[in-house]
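Read through the structure below, which is laid out as structure tokens, and then see the notes.
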There are 2 protein chains.
Amino acid sequence: MSRSNPRVVSVLERAGGFASAQEVYRLMQREGESIGLTTVYRSLQSLVNDKIVDVLRREDGEAIYRLCGDTHHHHHLVCKSCGDTVEIEGGAIEKWAKTMAQEFGFRDVGHTAEIFGLCPKC
Amino acid sequence: MSRSNPRVVSVLERAGGFASAQEVYRLMQREGESIGLTTVYRSLQSLVNDKIVDVLRREDGEAIYRLCGDTHHHHHLVCKSCGDTVEIEGGAIEKWAKTMAQEFGFRDVGHTAEIFGLCPKC
DNA sequence: ATGGAAATGAAAATCATTTTCATTTGTGCT
DNA sequence: AGCACAAATGAAAATGATTTTCATTTCCAT
């Protein structure tokens with residue numbers, strides 16, 4: 001069984017939010033780190049098992065990972081046309097998620113929320 | 001462009017909950033209906049476009065579809081473990097999305113928001 | 001140093017989904 | 001009916017993420 005890989009953790013820290021396995025791999029390559037894709041997958045899996053990272057799914061089904069207890073949880077406002085992205089605060093969402101979870105007795109909850117539209121330039 | 005296929009709708013009705021494209025395909029085969037997997041995928045896609053079905057992701061990333069009884073815009077509270085789903089109100093989200101879009105000058109906005117966690121039974 | 005367990009990664013396998021493309025079906029028109 | 005053209009269909013190939021296999025390398029404890 002592979003162990004929680006500190007190098008992968010470090011990349012997730014620097015990514016500051018969600019990143020897919022492929023993105024983590026590409027990032028490490030770009031930074032000159034020598035690592036195999038298989039090892040990235042295994043490290044992420046074991047980080048999930050150890051509850052050190054959360055795993056979610058993007059709309060296209062790709063798995064995305066984030067360090068748990070990341071205080072810099074934010075959401076995105078993405079332009080449908082040029083792909084430009086703005087990081088935004090989601091205080092209202094946090095509250096909404098908490099309230100809804102409570103109402104239906106769900107525990108250990110997380111959430112996803114993104115806004116899409118046309119940016120001022122497009 | 002393929003059209004919303006009534007045979008696929010009928011299968012989803014009988015399935016009575018969520019079903020993946022592969023499951024819909026297998027079900028139709030079992031019932032002796034002649035249809036290709038490609039057509040199942042295309043039909044589901046266009047049903048999603050027409051907002052006749054909802055699409056979500058199972059934990060393994062497979063897309064699952066369900067007839068969406070109302071045209072009313074809603075969000076989901078999904079159990080990470082058993083996949084059980086509750087449709088919830090998202091009034092706070094609508095407002096949040098609108099506010100954020102306005103603040104950054106985005107037009108023509110839409111949004112996605114889902115909450116996931118462990119349901120009371122899991 | 002030595003042996004065994006754990007970690008690694010390249011390549012192949014898997015699986016859902018999408019794309020390609022040739023064929024069939026449907027529809028409007030004369 | 002016959003014809004033309006658009007839409008629908010589906011088999012097979014392509015794609016892309018993820019997992020598995022397996023041979024090799026690295027780590028430790030003795």
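Just so it is clear: chains get the letters A, B, ... in the order the sequence lines come, proteins before strands, and each one is counted from 1. Bear in mind that the values here come from a model prediction, so they are computed numbers and not experimental data.
What separates CG of B/L44 from P of C/dA16 is a distance of 14 Å, to the nearest Å. Per the geometry, CD belonging to B/E33 stands 12 Å off P belonging to D/dT9, to the nearest Å. Rounded to whole angstrom, the span from the CG atom of A/D60 across to the P atom of D/dG16 amounts to 12 Å. For the pair B/Y25 OH and C/dT17 C1', the computed distance is 14 Å after rounding to whole Å. Computed from coordinates, the A/R58 CZ to D/dA17 C1' distance equals 11 Å when rounded to whole Å. When the P atom of C/dT25 is taken as reference, atom CZ of B/R7 falls 13 Å away, rounded to whole Å. Look at CE on A/M28: it is 10 Å from P on C/dT8, rounded to the nearest Å. Per the geometry, CD belonging to B/E62 stands 14 Å off P belonging to D/dT19, to the nearest Å.
Each of C/dG9, D/dG10, C/dT17 was ranked by its minimum atom distance to the side chain of A/I35; first place goes to C/dG9. When the nucleotides C/dA16, D/dT9, D/dT18 are ranked by their closest atom to the side chain of B/Q22, C/dA16 comes out on top. For A/Q45, the listed nucleotide lying nearest its side chain is D/dT19; candidates were D/dA17, D/dT19, C/dT8. Taking the side chain of A/T39 as heavy atoms from C-beta on, and the options D/dT18, D/dG10, C/dT8, the nearest nucleotide is C/dT8. The side chain of B/L37 sits closest to C/dT17 out of C/dT17, D/dT18, D/dT9.
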Below 3.5 Å, can you tabulate the donor-acceptor pairs from side chains in residues 25-38 of chain A to any protein atom, sequence neighbours excluded?
{"residue": "A/Y25", "atom": "OH", "partner": "A/Q29", "partner atom": "NE2", "Å": "3.2"}
{"residue": "A/E31", "atom": "OE1", "partner": "A/R14", "partner atom": "NH1", "Å": "2.6"}
{"residue": "A/E31", "atom": "OE2", "partner": "A/R14", "partner atom": "NH1", "Å": "2.8"}
{"residue": "A/E33", "atom": "OE1", "partner": "A/R7", "partner atom": "NH1", "Å": "3.0"}

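Rounding to the nearest 0.5 Å gives a distance of 10.0 Å between CD of B/E89 and CD of A/E103. Interatomic distance, CZ of A/R58 versus OG of A/S20, reported as 5.0 Å (0.5 Å rounding).
A/Y41 has no side-chain polar atom (N or O) that falls below the 4.0 Å cut-off from OP1 or OP2 of D/dT19. At the phosphate of C/dT8, neither OP1 nor OP2 sits under 4.0 Å from any side-chain N or O atom of A/T38.
Contact annotation: the side chain of A/R66 never approaches that of A/L56 to less than 4.5 Å [non-hydrogen atoms, C-beta and beyond].
The distance between the ring centers of B/H75 and A/W96 falls below 6.0 angstrom.
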